K.L.:
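Please find one structure pasted underneath; my questions will follow.
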Number of protein chains: 2
Amino acid sequence: MAGHGTALVIDDEPQIVKAVARALGDIFEVVLRASTAQEGIDQAASARPDLIVLDLGLPDRDGLAVCREIRAWSSAAIIVLSARHSDHDKIALLDAGADDYVTKPFSTAELQARVRAQLRRARAILPSEGSAIEIDGLEIDLATRTVARAGEPIHLTPTEWALLRTFVRNAGKTLTHQQMFAEVWPNSGGDPQQYLRAYVATLRRKIERDPLRPNLILTESGAGYRFATL
Amino acid sequence: MAGHGTALVIDDEPQIVKAVARALGDIFEVVLRASTAQEGIDQAASARPDLIVLDLGLPDRDGLAVCREIRAWSSAAIIVLSARHSDHDKIALLDAGADDYVTKPFSTAELQARVRAQLRRARAILPSEGSAIEIDGLEIDLATRTVARAGEPIHLTPTEWALLRTFVRNAGKTLTHQQMFAEVWPNSGGDPQQYLRAYVATLRRKIERDPLRPNLILTESGAGYRFATL
DNA sequence: CGCACTCTTCACCAAATCTTCACGCCCCGG
DNA sequence: CCGGGGCGTGAAGATTTGGTGAAGAGTGCG
(Lines give C-alpha, C1' and ligand atoms only; values in the text may rest on other atoms or scores of the structure.)
Protein backbone atom coordinates (compact mmCIF):
# COMPACT_ATOMS: atom_id res chain seq x y z
CA MET A 1 0.00 0.00 0.00
CA ALA A 2 2.38 2.67 -1.18
CA GLY A 3 1.03 6.03 -0.08
CA HIS A 4 2.13 9.49 -1.04
CA GLY A 5 5.31 11.46 -0.88
CA THR A 6 9.00 10.78 -1.11
CA ALA A 7 11.47 9.41 1.39
CA LEU A 8 15.25 9.30 1.34
CA VAL A 9 17.53 6.76 3.01
CA ILE A 10 21.12 7.81 3.60
CA ASP A 11 23.19 4.84 4.70
CA ASP A 12 26.33 3.07 3.55
CA GLU A 13 25.39 -0.44 4.67
CA PRO A 14 23.47 -2.13 1.85
CA GLN A 15 21.72 -4.47 4.22
CA ILE A 16 20.29 -1.69 6.33
CA VAL A 17 19.38 0.37 3.30
CA LYS A 18 17.46 -2.57 1.97
CA ALA A 19 15.56 -3.14 5.19
CA VAL A 20 14.75 0.53 5.72
CA ALA A 21 13.80 1.12 2.12
CA ARG A 22 11.49 -1.83 2.29
CA ALA A 23 9.86 -0.50 5.43
CA LEU A 24 9.44 2.94 3.93
CA GLY A 25 8.11 1.44 0.72
CA ASP A 26 4.90 0.61 2.54
CA ILE A 27 4.38 4.24 3.39
CA PHE A 28 5.89 6.31 0.61
CA GLU A 29 5.37 6.40 -3.08
CA VAL A 30 9.04 6.97 -3.87
CA VAL A 31 12.03 5.88 -1.79
CA LEU A 32 15.41 7.26 -2.78
CA ARG A 33 18.76 5.95 -1.57
CA ALA A 34 22.15 7.48 -1.01
CA SER A 35 25.25 5.76 0.29
CA THR A 36 27.34 8.80 1.14
CA ALA A 37 26.63 12.05 2.94
CA GLN A 38 27.32 14.17 -0.09
CA GLU A 39 25.05 12.10 -2.28
CA GLY A 40 22.40 12.28 0.40
CA ILE A 41 22.55 16.04 0.66
CA ASP A 42 22.39 16.40 -3.09
CA GLN A 43 19.38 14.12 -3.35
CA ALA A 44 17.66 15.86 -0.47
CA ALA A 45 18.16 19.16 -2.25
CA SER A 46 16.96 18.00 -5.64
CA ALA A 47 14.15 15.61 -4.74
CA ARG A 48 12.91 17.40 -1.61
CA PRO A 49 11.78 14.31 0.28
CA ASP A 50 9.16 14.52 3.00
CA LEU A 51 11.23 12.36 5.29
CA ILE A 52 14.89 11.44 5.58
CA VAL A 53 16.35 8.46 7.42
CA LEU A 54 19.94 9.29 8.20
CA ASP A 55 22.34 6.64 9.43
CA LEU A 56 25.27 7.87 11.47
CA GLY A 57 28.78 6.67 10.73
CA LEU A 58 28.85 7.58 7.08
CA PRO A 59 32.30 7.30 5.54
CA ASP A 60 32.67 10.77 4.14
CA ARG A 61 31.22 13.14 6.70
CA ASP A 62 30.08 13.51 10.28
CA GLY A 63 26.43 12.73 10.79
CA LEU A 64 25.92 15.74 13.03
CA ALA A 65 27.18 18.09 10.34
CA VAL A 66 25.02 16.42 7.73
CA CYS A 67 21.95 16.81 9.88
CA ARG A 68 22.67 20.47 10.50
CA GLU A 69 23.31 21.15 6.86
CA ILE A 70 20.10 19.56 5.67
CA ARG A 71 18.07 21.19 8.40
CA ALA A 72 19.42 24.56 7.37
CA TRP A 73 17.22 24.62 4.30
CA SER A 74 14.90 21.66 4.55
CA SER A 75 11.93 21.12 6.79
CA ALA A 76 11.75 17.42 6.01
CA ALA A 77 11.32 15.08 8.95
CA ILE A 78 14.71 13.62 9.86
CA ILE A 79 14.98 10.29 11.67
CA VAL A 80 18.47 9.38 12.74
CA LEU A 81 19.56 5.77 12.87
CA SER A 82 22.53 4.84 14.99
CA ALA A 83 24.26 2.04 16.82
CA ARG A 84 25.34 4.47 19.49
CA HIS A 85 23.27 4.60 22.59
CA SER A 86 25.14 7.44 24.22
CA ASP A 87 23.02 10.29 25.51
CA HIS A 88 25.47 12.79 24.23
CA ASP A 89 25.04 11.72 20.62
CA LYS A 90 21.28 11.57 20.85
CA ILE A 91 21.05 15.03 22.34
CA ALA A 92 23.47 16.52 19.86
CA LEU A 93 21.57 15.13 16.90
CA LEU A 94 18.14 16.03 18.22
CA ASP A 95 19.31 19.56 18.89
CA ALA A 96 20.86 19.70 15.44
CA GLY A 97 17.41 19.37 13.96
CA ALA A 98 16.70 15.63 13.97
CA ASP A 99 13.10 14.78 14.80
CA ASP A 100 13.69 11.30 16.16
CA TYR A 101 16.57 9.02 17.05
CA VAL A 102 16.33 5.27 16.70
CA THR A 103 19.05 2.95 17.96
CA LYS A 104 20.12 -0.19 16.19
CA PRO A 105 19.09 -2.92 16.24
CA PHE A 106 15.61 -1.63 15.57
CA SER A 107 12.31 -3.15 14.75
CA THR A 108 11.02 -2.43 11.29
CA ALA A 109 7.51 -2.09 12.60
CA GLU A 110 8.61 0.43 15.21
CA LEU A 111 10.46 2.45 12.61
CA GLN A 112 7.34 2.52 10.49
CA ALA A 113 5.27 3.67 13.43
CA ARG A 114 7.74 6.45 14.19
CA VAL A 115 7.70 7.48 10.56
CA ARG A 116 3.92 7.62 10.64
CA ALA A 117 4.03 9.70 13.78
CA GLN A 118 6.39 12.20 12.14
CA LEU A 119 4.30 12.40 9.01
CA ARG A 120 1.12 12.88 10.96
CA ARG A 121 2.69 15.82 12.76
CA ALA A 122 4.27 17.32 9.66
CA ARG A 123 1.12 17.09 7.60
CA ALA A 124 -1.25 18.25 10.29
CA ILE A 125 0.66 21.45 10.48
CA LEU A 126 1.84 22.15 6.97
CA PRO A 127 -1.38 22.16 4.98
CA SER A 128 0.35 23.02 1.75
CA GLU A 129 3.81 24.23 2.37
CA GLY A 130 6.18 24.61 -0.46
CA SER A 131 9.62 25.82 0.36
CA ALA A 132 9.14 28.80 -1.91
CA ILE A 133 8.40 32.13 -0.29
CA GLU A 134 7.27 35.32 -1.94
CA ILE A 135 7.49 38.68 -0.27
CA ASP A 136 7.47 42.17 -1.71
CA GLY A 137 8.04 40.75 -5.19
CA LEU A 138 11.04 38.75 -4.08
CA GLU A 139 10.96 34.99 -4.55
CA ILE A 140 13.00 32.92 -2.13
CA ASP A 141 13.34 29.14 -2.21
CA LEU A 142 15.16 27.82 0.81
CA ALA A 143 15.39 24.32 -0.60
CA THR A 144 16.93 25.10 -3.95
CA ARG A 145 18.90 28.00 -2.52
CA THR A 146 17.64 30.41 -5.13
CA VAL A 147 16.46 34.01 -4.97
CA ALA A 148 14.83 35.93 -7.76
CA ARG A 149 12.95 39.14 -8.43
CA ALA A 150 10.54 39.31 -11.34
CA GLY A 151 11.87 35.98 -12.56
CA GLU A 152 15.38 37.41 -12.71
CA PRO A 153 17.72 35.23 -10.60
CA ILE A 154 19.83 37.00 -7.99
CA HIS A 155 23.22 35.62 -7.16
CA LEU A 156 24.18 35.47 -3.49
CA THR A 157 27.53 34.53 -1.97
CA PRO A 158 27.52 31.81 0.70
CA THR A 159 27.63 34.30 3.54
CA GLU A 160 24.90 36.44 2.06
CA TRP A 161 22.77 33.35 1.69
CA ALA A 162 23.36 32.26 5.27
CA LEU A 163 22.32 35.71 6.38
CA LEU A 164 19.17 35.75 4.28
CA ARG A 165 18.28 32.25 5.38
CA THR A 166 18.55 33.27 9.01
CA PHE A 167 16.35 36.27 8.34
CA VAL A 168 13.68 34.30 6.52
CA ARG A 169 13.52 31.59 9.12
CA ASN A 170 12.94 34.23 11.78
CA ALA A 171 10.79 36.54 9.73
CA GLY A 172 8.95 39.04 11.87
CA LYS A 173 11.22 38.52 14.86
CA THR A 174 13.83 40.96 15.97
CA LEU A 175 17.23 39.29 15.93
CA THR A 176 20.02 40.73 18.01
CA HIS A 177 23.41 41.19 16.47
CA GLN A 178 24.68 38.40 18.66
CA GLN A 179 22.03 35.97 17.55
CA MET A 180 22.74 36.62 13.92
CA PHE A 181 26.45 36.42 14.36
CA ALA A 182 26.11 33.08 16.09
CA GLU A 183 24.00 31.75 13.23
CA VAL A 184 26.00 33.01 10.31
CA TRP A 185 29.54 32.92 11.62
CA PRO A 186 29.57 29.83 13.87
CA ASN A 187 33.22 30.14 14.85
CA SER A 188 34.92 33.38 14.29
CA GLY A 189 36.64 36.34 15.75
CA GLY A 190 36.38 39.88 14.57
CA ASP A 191 33.86 42.58 15.20
CA PRO A 192 30.28 41.32 14.77
CA GLN A 193 28.80 44.75 14.20
CA GLN A 194 31.23 45.46 11.44
CA TYR A 195 30.51 42.21 9.60
CA LEU A 196 26.82 42.60 9.90
CA ARG A 197 26.77 46.17 8.72
CA ALA A 198 28.81 45.25 5.67
CA TYR A 199 26.78 42.18 4.73
CA VAL A 200 23.42 43.66 5.47
CA ALA A 201 24.37 46.48 3.14
CA THR A 202 25.31 44.19 0.26
CA LEU A 203 22.30 41.99 0.85
CA ARG A 204 20.00 44.99 0.78
CA ARG A 205 21.57 46.17 -2.44
CA LYS A 206 20.81 42.80 -3.98
CA ILE A 207 17.32 42.06 -2.75
CA GLU A 208 15.64 45.30 -1.76
CA ARG A 209 13.44 47.18 -4.14
CA ASP A 210 14.94 50.42 -2.90
CA PRO A 211 18.12 49.80 -0.88
CA LEU A 212 17.95 53.28 0.60
CA ARG A 213 14.50 52.65 2.01
CA PRO A 214 14.59 48.96 2.96
CA ASN A 215 11.32 47.07 2.95
CA LEU A 216 12.56 43.63 3.89
CA ILE A 217 15.54 43.91 6.18
CA LEU A 218 14.54 46.44 8.79
CA THR A 219 16.94 48.02 11.25
CA GLU A 220 16.05 47.94 14.91
CA SER A 221 18.54 50.52 15.97
CA GLY A 222 20.37 49.63 19.12
CA ALA A 223 19.04 46.09 19.07
CA GLY A 224 19.46 44.26 15.81
CA TYR A 225 17.57 43.57 12.60
CA ARG A 226 14.14 42.29 11.73
CA PHE A 227 12.95 40.70 8.53
CA ALA A 228 9.53 41.76 7.30
CA THR A 229 6.64 39.52 8.27
CA LEU A 230 5.87 36.99 5.57
CA MET B 1 16.00 29.52 32.47
CA ALA B 2 12.34 28.70 32.30
CA GLY B 3 11.04 29.41 28.85
CA HIS B 4 7.48 29.77 27.67
CA GLY B 5 4.43 27.59 27.53
CA THR B 6 2.85 24.93 29.65
CA ALA B 7 3.61 21.24 30.08
CA LEU B 8 1.67 18.48 31.81
CA VAL B 9 3.08 15.37 33.45
CA ILE B 10 0.68 12.46 33.94
CA ASP B 11 2.24 9.80 36.15
CA ASP B 12 1.38 8.01 39.36
CA GLU B 13 4.92 7.46 40.59
CA PRO B 14 5.95 10.49 42.64
CA GLN B 15 9.63 9.89 42.01
CA ILE B 16 9.22 9.91 38.24
CA VAL B 17 6.91 12.90 38.35
CA LYS B 18 9.49 14.78 40.30
CA ALA B 19 12.30 13.97 37.90
CA VAL B 20 10.26 14.73 34.80
CA ALA B 21 8.78 17.92 36.20
CA ARG B 22 12.24 19.07 37.07
CA ALA B 23 13.48 18.39 33.56
CA LEU B 24 10.53 20.18 32.02
CA GLY B 25 10.95 23.08 34.39
CA ASP B 26 14.04 24.10 32.46
CA ILE B 27 12.02 24.42 29.29
CA PHE B 28 8.51 25.45 30.27
CA GLU B 29 7.16 28.28 32.27
CA VAL B 30 4.45 26.20 33.90
CA VAL B 31 4.56 22.47 34.64
CA LEU B 32 1.34 20.83 35.77
CA ARG B 33 1.06 17.40 37.36
CA ALA B 34 -1.59 14.73 37.43
CA SER B 35 -1.40 11.35 39.08
CA THR B 36 -4.35 9.66 37.47
CA ALA B 37 -5.56 9.40 33.91
CA GLN B 38 -8.80 11.19 34.64
CA GLU B 39 -7.05 14.03 36.37
CA GLY B 40 -4.62 14.23 33.47
CA ILE B 41 -7.36 14.44 30.89
CA ASP B 42 -9.16 17.11 32.88
CA GLN B 43 -6.02 19.19 33.22
CA ALA B 44 -5.15 18.78 29.56
CA ALA B 45 -8.62 20.02 28.69
CA SER B 46 -8.59 23.01 30.99
CA ALA B 47 -4.98 24.16 30.84
CA ARG B 48 -4.33 23.34 27.17
CA PRO B 49 -0.67 22.45 27.61
CA ASP B 50 1.77 22.59 24.72
CA LEU B 51 3.26 19.24 25.62
CA ILE B 52 2.14 16.23 27.63
CA VAL B 53 4.36 13.54 29.12
CA LEU B 54 2.20 10.47 29.65
CA ASP B 55 3.42 7.53 31.66
CA LEU B 56 1.85 4.18 30.89
CA GLY B 57 0.60 1.91 33.64
CA LEU B 58 -1.69 4.40 35.29
CA PRO B 59 -3.96 2.83 37.89
CA ASP B 60 -7.32 3.96 36.61
CA ARG B 61 -7.16 3.68 32.86
CA ASP B 62 -5.27 2.18 29.96
CA GLY B 63 -2.58 4.46 28.55
CA LEU B 64 -3.54 3.74 24.98
CA ALA B 65 -7.09 4.89 25.61
CA VAL B 66 -5.88 8.01 27.39
CA CYS B 67 -3.64 8.89 24.48
CA ARG B 68 -6.44 8.43 21.97
CA GLU B 69 -8.85 10.46 24.02
CA ILE B 70 -6.53 13.40 24.42
CA ARG B 71 -5.50 13.29 20.79
CA ALA B 72 -9.12 13.41 19.76
CA TRP B 73 -9.37 17.09 20.68
CA SER B 74 -5.85 18.23 21.50
CA SER B 75 -2.91 18.85 19.21
CA ALA B 76 -0.42 19.06 22.06
CA ALA B 77 2.79 17.10 21.61
CA ILE B 78 2.48 13.82 23.49
CA ILE B 79 5.55 11.97 24.72
CA VAL B 80 4.86 8.54 26.17
CA LEU B 81 6.99 7.17 28.97
CA SER B 82 7.01 3.46 29.57
CA ALA B 83 8.94 0.57 31.07
CA ARG B 84 7.72 -1.68 28.31
CA HIS B 85 10.06 -2.24 25.46
CA SER B 86 7.68 -4.29 23.38
CA ASP B 87 7.28 -3.22 19.79
CA HIS B 88 3.60 -3.82 19.94
CA ASP B 89 3.06 -1.24 22.65
CA LYS B 90 5.24 1.34 21.01
CA ILE B 91 3.49 0.97 17.70
CA ALA B 92 0.07 1.08 19.25
CA LEU B 93 0.81 4.26 21.15
CA LEU B 94 2.53 6.01 18.27
CA ASP B 95 -0.39 5.17 16.02
CA ALA B 96 -2.78 6.36 18.69
CA GLY B 97 -1.37 9.84 18.33
CA ALA B 98 1.74 9.87 20.51
CA ASP B 99 4.60 11.85 19.02
CA ASP B 100 7.42 10.04 20.76
CA TYR B 101 7.94 7.03 22.96
CA VAL B 102 10.69 6.90 25.58
CA THR B 103 11.49 3.74 27.51
CA LYS B 104 12.48 3.70 31.16
CA PRO B 105 15.02 4.02 32.49
CA PHE B 106 15.58 7.20 30.56
CA SER B 107 18.09 9.99 30.67
CA THR B 108 16.79 13.36 31.77
CA ALA B 109 18.95 15.11 29.23
CA GLU B 110 17.65 12.91 26.44
CA LEU B 111 14.07 13.57 27.45
CA GLN B 112 14.76 17.28 27.36
CA ALA B 113 16.28 16.98 23.90
CA ARG B 114 13.27 15.04 22.65
CA VAL B 115 10.98 17.65 24.15
CA ARG B 116 12.92 20.38 22.38
CA ALA B 117 12.66 18.47 19.12
CA GLN B 118 8.88 18.23 19.49
CA LEU B 119 8.55 21.87 20.37
CA ARG B 120 10.69 22.91 17.46
CA ARG B 121 8.31 21.06 15.15
CA ALA B 122 5.23 22.48 16.76
CA ARG B 123 6.49 26.01 16.84
CA ALA B 124 8.06 26.05 13.40
CA ILE B 125 4.58 26.37 12.10
CA LEU B 126 2.82 28.65 14.51
CA PRO B 127 5.34 31.44 14.41
CA SER B 128 5.82 33.77 17.31
CA GLU B 129 3.05 32.35 19.37
CA GLY B 130 4.03 31.50 22.88
CA SER B 131 4.96 34.73 24.46
CA ALA B 132 2.63 37.17 22.79
CA ILE B 133 0.64 39.41 25.10
CA GLU B 134 -2.40 41.39 24.10
CA ILE B 135 -3.78 44.29 26.08
CA ASP B 136 -6.07 47.10 25.04
CA GLY B 137 -5.47 46.27 21.39
CA LEU B 138 -1.70 46.38 21.81
CA GLU B 139 0.27 43.25 20.97
CA ILE B 140 3.56 42.75 22.79
CA ASP B 141 5.93 39.85 22.26
CA LEU B 142 8.72 39.81 24.80
CA ALA B 143 10.56 37.00 23.03
CA THR B 144 10.81 38.58 19.62
CA ARG B 145 10.96 42.13 20.87
CA THR B 146 8.05 43.25 18.76
CA VAL B 147 5.15 45.56 19.52
CA ALA B 148 2.20 46.20 17.27
CA ARG B 149 -1.24 47.76 17.26
CA ALA B 150 -3.79 46.52 14.76
CA GLY B 151 -1.05 44.59 13.01
CA GLU B 152 1.00 47.73 12.49
CA PRO B 153 4.46 47.30 13.97
CA ILE B 154 5.55 49.97 16.40
CA HIS B 155 9.21 50.83 16.54
CA LEU B 156 10.76 51.28 19.95
CA THR B 157 14.24 52.45 20.82
CA PRO B 158 16.30 50.26 23.17
CA THR B 159 15.48 52.38 26.20
CA GLU B 160 11.80 52.53 25.40
CA TRP B 161 11.78 48.78 25.00
CA ALA B 162 13.59 48.25 28.30
CA LEU B 163 11.01 50.44 29.96
CA LEU B 164 8.06 48.64 28.41
CA ARG B 165 9.56 45.27 29.23
CA THR B 166 9.90 46.25 32.85
CA PHE B 167 6.31 47.45 32.90
CA VAL B 168 4.94 44.28 31.33
CA ARG B 169 6.90 42.01 33.62
CA ASN B 170 5.42 43.83 36.59
CA ALA B 171 2.00 44.48 35.14
CA GLY B 172 -0.51 45.48 37.77
CA LYS B 173 2.13 46.36 40.33
CA THR B 174 3.10 49.88 41.21
CA LEU B 175 6.75 50.48 40.52
CA THR B 176 8.60 53.25 42.28
CA HIS B 177 10.77 55.59 40.30
CA GLN B 178 13.80 54.04 41.91
CA GLN B 179 12.83 50.52 40.96
CA MET B 180 12.31 51.45 37.37
CA PHE B 181 15.45 53.45 37.19
CA ALA B 182 17.46 50.54 38.52
CA GLU B 183 15.96 48.22 35.89
CA VAL B 184 16.28 50.40 32.86
CA TRP B 185 19.42 52.37 33.59
CA PRO B 186 21.63 49.82 35.33
CA ASN B 187 24.61 52.11 35.74
CA SER B 188 23.98 55.73 35.50
CA GLY B 189 23.92 59.00 37.23
CA GLY B 190 21.55 61.80 36.46
CA ASP B 191 18.10 62.59 37.67
CA PRO B 192 15.81 59.53 37.67
CA GLN B 193 12.63 61.55 37.65
CA GLN B 194 13.76 63.48 34.66
CA TYR B 195 14.58 60.37 32.60
CA LEU B 196 11.40 58.65 33.52
CA ARG B 197 9.16 61.58 32.75
CA ALA B 198 10.77 61.96 29.35
CA TYR B 199 10.65 58.32 28.37
CA VAL B 200 7.26 57.57 29.80
CA ALA B 201 5.98 60.40 27.67
CA THR B 202 7.46 59.10 24.43
CA LEU B 203 6.40 55.56 25.24
CA ARG B 204 2.85 56.67 25.86
CA ARG B 205 2.81 58.53 22.59
CA LYS B 206 3.80 55.37 20.82
CA ILE B 207 1.66 52.73 22.48
CA GLU B 208 -1.31 54.43 24.09
CA ARG B 209 -4.60 54.69 22.29
CA ASP B 210 -5.00 58.21 23.65
CA PRO B 211 -1.72 59.55 25.06
CA LEU B 212 -3.53 62.31 26.91
CA ARG B 213 -5.61 59.81 28.85
CA PRO B 214 -3.32 56.82 29.28
CA ASN B 215 -4.87 53.39 29.56
CA LEU B 216 -1.74 51.31 29.91
CA ILE B 217 0.92 53.27 31.73
CA LEU B 218 -0.81 54.79 34.73
CA THR B 219 0.65 57.46 36.96
CA GLU B 220 0.63 56.83 40.67
CA SER B 221 1.21 60.36 41.76
CA GLY B 222 3.87 60.71 44.36
CA ALA B 223 4.82 57.05 44.12
CA GLY B 224 5.65 55.86 40.64
CA TYR B 225 3.96 54.16 37.70
CA ARG B 226 1.77 51.13 37.24
CA PHE B 227 1.12 49.13 34.09
CA ALA B 228 -2.45 48.00 33.49
CA THR B 229 -3.29 44.46 34.56
CA LEU B 230 -2.96 41.98 31.74
C1' DC C 1 50.62 32.03 -12.82
C1' DG C 2 46.84 34.96 -13.34
C1' DC C 3 41.94 35.58 -12.83
C1' DA C 4 37.57 35.94 -10.60
C1' DC C 5 35.22 35.79 -6.62
C1' DT C 6 34.61 36.30 -1.85
C1' DC C 7 35.83 37.68 2.73
C1' DT C 8 37.57 41.05 5.91
C1' DT C 9 38.70 45.52 7.38
C1' DC C 10 38.80 50.52 7.45
C1' DA C 11 37.47 55.36 7.51
C1' DC C 12 34.02 58.63 6.84
C1' DC C 13 29.32 60.31 6.68
C1' DA C 14 24.36 59.99 7.97
C1' DA C 15 20.82 58.85 11.09
C1' DA C 16 18.90 57.45 15.30
C1' DT C 17 19.09 57.76 20.05
C1' DC C 18 20.29 59.61 24.54
C1' DT C 19 20.61 63.28 27.72
C1' DT C 20 19.56 67.60 29.39
C1' DC C 21 17.04 71.80 29.87
C1' DA C 22 13.26 75.02 30.14
C1' DC C 23 8.58 75.73 30.32
C1' DG C 24 3.56 74.99 31.30
C1' DC C 25 -0.07 72.45 33.54
C1' DC C 26 -2.64 70.60 37.42
C1' DC C 27 -3.63 69.73 42.08
C1' DC C 28 -3.44 70.96 46.87
C1' DG C 29 -2.46 73.39 50.92
C1' DG C 30 -1.70 77.93 52.86
C1' DC D 1 -5.88 84.00 45.60
C1' DC D 2 -1.19 82.54 45.55
C1' DG D 3 2.86 79.43 45.65
C1' DG D 4 5.10 75.05 45.21
C1' DG D 5 5.81 70.30 44.21
C1' DG D 6 5.04 66.70 41.00
C1' DC D 7 4.22 65.73 36.30
C1' DG D 8 3.95 66.14 31.01
C1' DT D 9 5.86 68.14 26.84
C1' DG D 10 8.82 69.69 23.25
C1' DA D 11 13.23 70.87 21.59
C1' DA D 12 18.40 71.25 21.19
C1' DG D 13 23.00 69.55 21.58
C1' DA D 14 25.93 65.56 22.51
C1' DT D 15 26.72 60.83 21.74
C1' DT D 16 26.17 56.40 19.97
C1' DT D 17 24.98 53.44 16.30
C1' DG D 18 24.30 52.28 11.45
C1' DG D 19 25.25 52.80 6.23
C1' DT D 20 28.45 53.14 2.48
C1' DG D 21 32.10 52.56 -0.74
C1' DA D 22 36.51 50.91 -1.46
C1' DA D 23 40.88 48.68 -0.80
C1' DG D 24 43.68 44.70 0.55
C1' DA D 25 43.90 39.65 1.81
C1' DG D 26 42.63 35.09 1.09
C1' DT D 27 40.92 31.23 -1.87
C1' DG D 28 39.96 28.13 -5.58
C1' DC D 29 40.16 27.31 -10.51
C1' DG D 30 41.57 27.16 -15.22
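Since we're looking at a predicted model, the values are computed, not measured. By convention in this document, chain letters (A, B, ...) are assigned in the order of the sequence lines, proteins followed by strands, and residues within each chain are numbered from 1.
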K.L.:
To the nearest 0.5 angstrom, please state how far the CD atom of B:E160 sits from the NZ atom of B:K206.
P.N.:
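These two atoms lie 3.5 Å from each other.
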K.L.:
To the nearest angstrom, how far is A:K206 atom NZ from C:dC5 atom P?
P.N.:
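Rounding to the nearest Å, NZ of A:K206 and P of C:dC5 are 11 Å apart.
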K.L.:
Nearest to the side chain of A:W185, which nucleotide is it out of C:dT8, C:dT19, C:dT6?
P.N.:
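Of the candidates, C:dT8 comes closest.
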K.L.:
How does protein contact run along nucleotides 2-12 of chain D, one letter per nucleotide 5' to 3', with B for base contact, S for sugar-phosphate only, - for none, heavy atoms under 4.0 Å?
P.N.:
----SBBBS--
K.L.:
Taking CG from A:L203 and P from D:dG21, how many angstroms apart are they, rounded to a whole number?
P.N.:
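About 15 Å, once rounded to whole Å.
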K.L.:
Nearest-Å distance, CG (B:D191) to P (C:dA22)?
P.N.:
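To the nearest whole Å, that distance equals 13 Å.
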K.L.:
Restricting to side-chain hydrogen bond (donor to acceptor under 3.5 Å, both in side chains), what partner residues turn up for B:R169, sequence neighbours left out?
P.N.:
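With neighbours one apart ignored, the set is empty.
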K.L.:
Give the rounded distance in Å between these two atoms: OH of A:Y199 and C1' of D:dG21.
P.N.:
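Distance, rounded to whole Å: 15 Å.
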K.L.:
Let me know the distance between CG of B:L156 and C1' of C:dC18, rounded to the nearest Å.
P.N.:
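Going from CG in B:L156 over to C1' in C:dC18 covers 15 Å.
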K.L.:
Could you tell me the separation between the NE2 atom of B:H155 and the C1' atom of D:dG18, rounded to a whole number of Å?
P.N.:
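One finds 12 Å between C1' of D:dG18 and NE2 of B:H155, rounded.
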K.L.:
Quick one: which of A:R121, A:R116, A:R114 gives a salt bridge (Lys or Arg N to Asp or Glu O under 4.0 Å) with B:D99?
P.N.:
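Testing B:D99 for a salt bridge (Lys or Arg N to Asp or Glu O under 4.0 Å) against A:R121, A:R116, A:R114 leaves exactly one candidate, A:R121.
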K.L.:
Starting from C1' on C:dC7, measure out to CD on A:E160 and report it in whole angstrom.
P.N.:
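Rounded to the whole Å, the gap is 10 Å.
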